[in-house]
Amino acid sequence: MIATSRDDAKLAEARRLGADVTLNHRTQKVSQEVRALTQKRGVEVVVENVGEATWDESLRCLKRGGRLVTCGATSGPQVRLDLRRVFWHHFTIMGSTMGNAREYAEVVRRLGEGQLRPIVDRVYPLAEARAAYERLAKGEQLGKVVVTVV
């Protein structure tokens, strides 16, 4: 599994959590690194949650017949797409959300039983919600930012 980020601290945490390889997309050309790591083949699946800023590089990482799963657009929702690359390389582009109601209920059940432990970056009281939002806007968080309403 290859993880990318623009933040070295986040990459270190990704390695701690099990990533085999980490790449800093601010300082490295991710598609070139991926091609080198895969003997020029590319990867089968890219999970793309950034959007505009990383879209083209994500597509360039795919092998022929590869799938790009998009589940976010934190850097912007508008991307450029050369359709010839999609049909020439037999790419599949899929959208994904959190799942359906049954799947959500299963995740909540597992959380309640302690089987899943989300990574929580920081917890803010409601009075500091602005600071929480600013942390998210700057991309400084590693995991979830929680605002408590108590």
Side-chain angles (χ1 to χ4, degrees), residues 1-31 33-35 37-38 41-81 86 89-150:
M1 202 276 282
I2 302 169
T4 69
S5 176
R6 65 177 182 210
D7 184 298
D8 288 333
K10 291 179 182 184
L11 292 171
E13 183 65 9
R15 282 190 299 276
R16 189 187 73 73
L17 292 169
D20 298 306
V21 175
T22 57
L23 301 172
N24 186 318
H25 59 81
R26 187 173 24 101
T27 61
Q28 296 172 281
K29 183 81 168 170
V30 172
S31 60
E33 297 291 335
V34 167
R35 293 283 173 195
L37 288 165
T38 61
R41 286 188 318 271
V43 296
E44 292 183 23
V45 177
V46 170
V47 178
E48 167 58 68
N49 67 337
V50 176
E52 194 172 315
T54 57
W55 179 264
D56 192 55
E57 277 295 285
S58 292
L59 281 174
R60 291 182 185 284
C61 290
L62 290 173
K63 74 177 208 172
R64 184 174 178 82
R67 297 180 309 273
L68 185 142
V69 180
T70 179
C71 59
T74 57
S75 70
Q78 301 298 320
V79 299
R80 292 182 49 111
L81 180 63
V86 174
H89 297 290
H90 300 260
F91 292 158
T92 300
I93 298 174
M94 304 168 62
S96 181
T97 59
M98 289 177 30
N100 59 36
R102 182 187 56 74
E103 292 164 334
Y104 180 73
E106 179 65 13
V107 167
V108 170
R109 182 187 70 75
R110 290 179 182 217
L111 281 166
E113 292 178 356
Q115 295 178 24
L116 302 174
R117 289 184 218 106
I119 297 170
V120 176
D121 177 74
R122 291 206 182 153
V123 178
Y124 292 86
L126 183 58
E128 296 177 27
R130 181 182 184 105
Y133 176 79
E134 288 170 354
R135 184 165 179 77
L136 288 170
K138 293 176 186 173
E140 295 174 337
Q141 81 286 353
L142 176 67
K144 300 299 179 186
V145 171
V146 178
V147 176
T148 57
V149 184
V150 181

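Not measured: the values here are computed from a predicted model.
Of the possible polar contacts, none joining the S96 side chain to the C71 backbone as a donor-acceptor pair under 3.5 Å is found. Counting only distance, with no hydrogens or angles, the side chain of E103 and the backbone of N100 share a donor-acceptor pair below 3.5 Å. Judged purely by atom type and a 3.5 angstrom limit, R35 uses its side chain to pair as donor or acceptor with the backbone of R41. Between the R60 side chain and the V30 main chain, no donor and acceptor come within less than 3.5 Å of each other. Formation of a donor-acceptor pair under 3.5 Å by the T4 side chain with backbone atoms of L23 is not found in this model.
We find the CD-CG distance between E140 and D7 to be 9.0 Å, quoted to the nearest 0.5 Å. R6 CZ to L11 CG: the interatomic distance, rounded to the nearest 0.5 Å, is 11.5 Å. Between the OG1 atom of T22 and the CG atom of L17 there is a distance of 11.5 Å, given to the nearest 0.5 Å. Summarising the geometry, atom CG belonging to L62 is positioned 10.0 Å from atom CD belonging to E44; distances are rounded to the nearest 0.5 Å.
Using a 4.5 Å heavy-atom threshold, the side chains of D121 and R135 count as touching.
Closest of all the heavy-atom pairs between V145 and A132 is CG1-CB, 3.7 Å. Closest of all the heavy-atom pairs between L126 and V147 is CA-CG1, 3.8 Å. For the pair G42 and T38, the tightest heavy-atom approach, listed with the atom from each and the gap, is N-OG1, 2.8 Å.
The existence of a salt bridge linking E33 and K29 is excluded, since no basic side-chain nitrogen approaches an acidic carboxylate oxygen closer than 4.0 Å. For the pair E13 and K10, the salt-bridge criterion is not met [side-chain N within less than 4.0 Å of a carboxylate O]. Between E106 and R109 there is a salt bridge, since at least one side-chain N of the basic residue sits less than 4.0 Å from a carboxylate O of the acidic one.
In the displayed structure, M1 atom CE is contacted under 6.0 Å by more than 12 heavy atoms of other residues, nucleotides or ligands. The local environment of CZ in R80 is sparse, with at most 12 non-hydrogen atoms from other residues, nucleotides or ligands closer than 6.0 Å. Within 6.0 Å of the CD atom in Q78, the count of heavy atoms belonging to other residues, nucleotides or ligands does not exceed 12.
For the residue pair E48 and T70, no side-chain donor N or O sits within less than 3.5 Å of a side-chain acceptor on the partner.
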Stepwise side-chain hydrogen bond (donor to acceptor under 3.5 Å, both in side chains) check, S31 with E57: CA-CA 6 Å; S31 60; E57 277 295 285; 2.9 Å; yes

